[in-house]
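Reviewing the structure listed below.
For the numbers below, each heavy atom of this structure counts, side chains included, while hydrogens, waters and symmetry mates do not. To find a chain, count down the sequence lines: A is the first, B the second, and so on, and within it residues start at 1. As the structure is a computational prediction, the values presented were derived from the model and not from experiment.
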Amino acid sequence: MAFVLPNLPYAPDALEPYVDTTTMTIHHGKHHATYVNNVNAALEKFPEMKSLGIVDLNKAVGTDAIPKEIATTVRNNGGGHFNHSFFWKVMTKPSNSNGPSAELKAAIDKAFGSMEAMKEKFNAAAAGRFGSGWAWLGVKADGSLGITSTANQDNPLQQVADEKMIPILGLDVWEHAYYLKYQNRRPEYIAAFWNIVNWEQVNDNFKAASGGGMPAL
Amino acid sequence: MAALLNGKLNLTARPAPAQRPSVRTNAVALKPLPYAPDALEPHMSKATFEFHHGKHHRAYADNLNKQIAGKEWDQKDLDTIVMSSWNNGNPTPEFNNAAQVWNHEFFWESMKPNGGGEPTGPLMEAIKRDFGSFDEFKNQFKAAGMTQFGSGWAWLVTDKSGKLSISKTPNAVVPVVEGKFPILTVDVWEHAYYLDYQNRRPDFIQTFMDKLISWDAVSDRFVKATA
């Protein structure tokens with residue numbers, strides 16, 4: 001079964017005014033679509049890998065399970081496909097979310113001191129990622145929350161990641177994610193992101209991650 | 001430090017620095033564009049230049065100056081700071097900013113209004129010899145730009161003997177740190193083309209090659225590097 005470009009969970013204008021409609025249209029319809037096409041093309045040569053699913057495929061990045069010939073293509077495009085599928089779901093229309101669950105809030109307070117401290121650390125990770133990449137909030141192997149950033153289309157599920165974790169929230173800081181509206185003002189985009197976080201999805205991600213898993217994408 | 005030519009990276013003649021007060025404050029200036037910001041329309045818009053030069057390039061210079069203020073590197077020129085901060089592949093925090101200042105100056109000077117076309121003379125001979133044809137050079141240069149995943153640069157480089165090759169680098173890395181002499185570059189960070197081309201990086205690179213390259217500048221660099 002080839003990978004398929006998922007539909008956006010909302011109309012392309014749903015995240016206005018924080019993310020503009022044109023960006024959503026191009027980001028989903030062009031950038032994400034290209035990652036899907038490219039990872040499918042790579043897996044044509046090794047069809048037995050298609051049965052892994054996108055999460056397990058990403059977990060295999062950096063191991064011998066992925067044939068050398070397609071390793072970089074899978075890292076970049078399998079990474080891109082996971083990252084963007086995950087990303088659309090952790091966002092929602094402004095004022096459409098009731099915030100983090102009590103359990104998640106407690107875990108955030110435990111790991112970072114407060115919600116504000118967590119956001120500061122996340123914002124710093126997002127702003128400090130030089131070049132293209134992502135910022136992540138995730139559950140580490142010891143069950144605690146952590147924040148990290150990755151380069152390009154890497155993610156913390158992959159064995160190549162400096163800090164491995166199961167992501168529960170992520171932010172794309174490739175320039176294509178924000179340039180049309182924010183240009184060089186990445187910190188403004190990062191600040192705006194908090195208005196559109198889909199905490200219900202993040203709560204689900206946290207519950208699943210606390211049990212070592214991820215909800216279906 | 002084989003990459004240094006007389007201790008300098010730069011291969012184009014630069015004007016002498018303005019008289020400085022006896023206490024240097026900033027080592028690195030934001031060099032003005034070599035042309036008006038609308039001079040490369042419609043291929044590279046005025047709006048792009050206002051952000052790319054006026055914000056991105058400016059920020060690299062400002063941030064570098066903050067990092068080196070009052071320190072040893074504040075007394076050095078940009079080329080020296082780039083090579084020193086590369087630190088043999090274990091770059092210091094100053095490298096990203098210093099190299100990006102260098103790269104952007106080099107990029108602006110790689111373009112001119114009514115650019116593009118073809119080189120002539122020894123450079124064209126070298127291109128035909130080392131790539132087979134000018135078209136094949138363009139194919140390979142475009143492929144390098146298209147396949148530099150994420151942010152980075154594509155380069156035409158020469159060695160001292162005039163042997164040409166194509167290089168691609170991520171983020172701020174510049175081929176001088178790998179011992180090569182760049183003579184042409186294209187910026188493939190998305191900020192270089194997103195306002196004008198959005199996701200269409202291949203179209204941007206094609207237009208850069210067809211309409212923007214200053215082959216005079218490239219030839220000049222080639223001559224100096226192989227002198």
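- Around NZ of K93(A), the count of heavy atoms belonging to other residues, nucleotides or ligands within 6.0 Å does not exceed 12.
- Rounding to the nearest 0.5 angstrom, the gap separating the CD atom in Q183(A) from the OG1 atom in T48(B) is 9.5 Å.
- Surrounding CZ of R58(B) are at most 12 heavy atoms belonging to other residues, nucleotides or ligands under 6.0 Å away.
- With a 4.5 Å cut-off on non-hydrogen atoms, A172(B) touches chain A through its backbone and its side chain both.
- Atom CZ of F130(A) is separated from atom CG of N96(B) by 3.5 Å, given to the nearest 0.5 angstrom.
- For E50(B), no part lies near chain A; criterion is any non-hydrogen pair under 4.5 Å.
- The NE2 atom of H57(B) sits 14.0 Å away from the CG atom of N184(A) when rounded to the nearest 0.5 Å.
- H56(B) and Y179(A) have parallel rings, their planes meeting at less than 30° on a 0 to 90° scale where 60° marks the start of perpendicular.
- Taking the side chain as every heavy atom from C-beta outward, Q153(A) and F149(B) approach each other to under 4.5 Å.
- Rounded to the nearest 0.5 angstrom, Q198(B) CD and T23(A) OG1 are separated by 9.0 Å.
- At a 4.5 Å heavy-atom cutoff, the contact between H176(A) and chain B is made by backbone and side-chain atoms alike.
- Closest approach of S151(B) to S132(A), counting heavy atoms only: OG-OG, 2.8 Å.
- The environment of K112(B) atom NZ is dense: over 12 non-hydrogen atoms of other residues, nucleotides or ligands sit within 6.0 angstrom.
- At a threshold of 4.5 Å between non-hydrogen side-chain atoms, the residues E175(A) and Y193(B) do not count as touching.
- The distance from atom OG1 of T147(B) to atom CG of N76(A), rounded to the nearest 0.5 Å, is 10.5 Å.
- Taking the six-membered ring wherever Trp is involved, the centroid distance between the rings of Y194(B) and H27(A) does not fall below 6.0 Å.
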